[in-house]
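Below is one structure, written out as structure tokens; the observations come after it.
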Amino acid sequence: VDSVTQLPYDDRWPVAALGNITRARALAAAMPGTWLEERVLSAPFEEVWRYVTDFEQCVPEFERDVSAIRVTRREGGRLRLRANASWKFLWLPLWLDAEVEPGWCLMRSRPQAYVIVMAAEPAGPGTTTFVHVEGLAPAVRRQSLVRPFLALSRWRHRHHVPQDIRAVEHRLSRRP
Amino acid sequence: VRVEDLVRRAQGGDIAALDALIGELSPYLGRVCGAIAVEARDDALQETLIAIVRNVRSLRQPAAVHAWARRIAVREAIRTARKNGTTSLDPTLLADVPSVDEAATAVEVHQILESLLPEQRAVLVLRHFEGLTEREIAEALCVPPGTVKSRLHRARVAFRRRWTA
């Protein structure tokens, strides 16, 4: 029995694959200042993804903290964005780096303090699972230093992120 | 970019580096979770990645990230498989199951794995896919070497009966 043959590790063996939704859930677990919301939207994947990654035209429609966004640089899936906050935040400018691929978008402010993740996968015929993560995620080695801010950010985004998704749903339902 | 550099940047809170680290480790961890958790493999991979991102700051030796991540994957895969109740067969009953030859299909391989206990799948994976010694397996599973030896023996008997019968 000890001389059991080497087990063949080939494509017959079950392998767990990393999907965009799992990737977003895992990343959110590392960011205690963010809130994750997941919803199945009644629209096909391509339509959802085209809408939520149209940064200049569509994102200001559903992201109520932003009044305008301009893409200042584009290199394949890497984008640099200049966003202007809404009147509530005195139209302050915010620079963001975005990495975009089908079903996945990671945006970070420069320097990293604020993070937004959007992820999508087809759920069924004409429906899409959509995940939105947003909040404070400062790049500091000792998170204990910023813990009160993270708690506050999480509390605020607990309301903000579902509002964004409802706005996406609403806008998609009104598009021809 | 070397994986150690990704670990160091992730430990400093760089989310893009953490995302890249997840992408780098996932194919490997997906195989470990797949072979141990079988039907519950996607849940096992998710739980593994969540444990990794939550604890990456505590990893003292970034060069040891693969062994560290594998230990977490094995633990989470066993836990997820148990929670999902994917195994119930007693391996001693395996002599009675239909035989499978080398041309076994993916479905049959899944059936063989599911007929083992999660702990038995774990020792098989670590010994024969990863090439770990029994002492290394004992460290990875946090059990005495004698337990690894007996689990490995039972797993081999059970596996061979089904694989080569």
Side-chain angles (χ1 to χ4, degrees), chain A residues 1-34 36 78 97-99 101 104-117 119 121 133 135-146 150, chain B residues 9-19 22-23 25-27 29-54 56-57 73 77 102 104-110 113-114 124-125 127-129 152-153 155-157 159-160 163-164:
Chain A
V1 168
D2 281 347
S3 62
V4 62
T5 52
Q6 192 71 17
L7 302 177
Y9 211 167
D10 56 26
D11 58 9
R12 291 174 298 182
W13 289 78
V15 175
L18 177 68
N20 292 323
I21 302 296
T22 300
R23 190 175 167 189
R25 288 177 188 150
L27 215 51
M31 301 189 290
T34 63
L36 178 148
R78 290 177 182 273
D97 287 325
E99 291 170 26
E101 54 193 79
W104 177 257
C105 174
L106 170 62
M107 286 188 273
R108 298 185 300 153
S109 65
R110 281 195 308 139
Q112 182 192 304
Y114 199 78
V115 171
I116 302 160
V117 176
E121 287 174 5
V133 184
L136 274 184
V140 290
R141 193 162 277 275
R142 290 182 59 192
Q143 287 209 325
S144 57
L145 297 174
V146 292
L150 299 181
Chain B
R9 283 169 49 200
Q11 288 176 326
D14 183 333
I15 291 300
L18 189 58
D19 181 44
I22 288 174
L25 295 175
S26 287
L29 300 177
R31 293 204 303 272
V32 174
C33 289
I36 298 174
V38 195
E39 289 304 314
R41 58 190 179 273
D42 290 342
D43 287 347
L45 179 60
Q46 178 171 300
E47 295 306 314
T48 299
L49 294 175
I50 287 174
I52 284 173
V53 302
R54 283 191 175 146
V56 72
R57 285 168 194 266
E102 289 292 334
T105 65
V107 172
E108 288 166 328
V109 171
H110 284 221
L113 285 171
E114 287 204 289
L124 273 182
V125 167
R127 183 74 189 93
H128 294 285
F129 294 162
L152 198 52
H153 176 80
R156 282 168 171 165
V157 170
F159 194 91
R160 267 174 60 121
W163 188 257
T164 61

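The sequence lines fix the lettering, A, B, ..., with proteins before strands; numbering per chain opens at 1. Atoms considered below: every heavy atom in the structure, side chains included; atoms not considered: hydrogens, waters and symmetry mates.
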For the student: nearest non-hydrogen atoms of [X] and [Y], plus distance:
X      : Y      : answer
D42(B) : A17(A) : OD1-N, 3.5 Å
L18(A) : G23(B) : CD2-CA, 4.5 Å
V53(B) : A26(A) : CG2-O, 3.1 Å
R41(B) : A16(A) : O-CB, 3.4 Å
T22(A) : L49(B) : CG2-CD1, 4.3 Å

Residue list, side chain to side chain donor-acceptor pair (under 3.5 Å) with E99(A), at least two apart or on another chain: none
Gap separating the CE atom of M31(A) from the CZ atom of R54(B), nearest 0.5 angstrom: 12.0 Å
Engaged part of V115(A) at the chain B interface, taking heavy atoms whose separation is under 4.5 Å: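 Side chain only.
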Top contributor to chain A interface from D19(B), I50(B), I22(B) [non-hydrogen pairs under 4.5 Å]: D19(B)
Region of A10(B) in contact with chain A, defined by heavy-atom distances below 4.5 Å: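 Contact with chain A involves no heavy atom of A10(B) at all.
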Sorted by number, residues from residues 105-113 of chain A in contact with chain B (heavy atoms, under 4.5 Å):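 L106(A), R108(A), Q112(A), listed by number.
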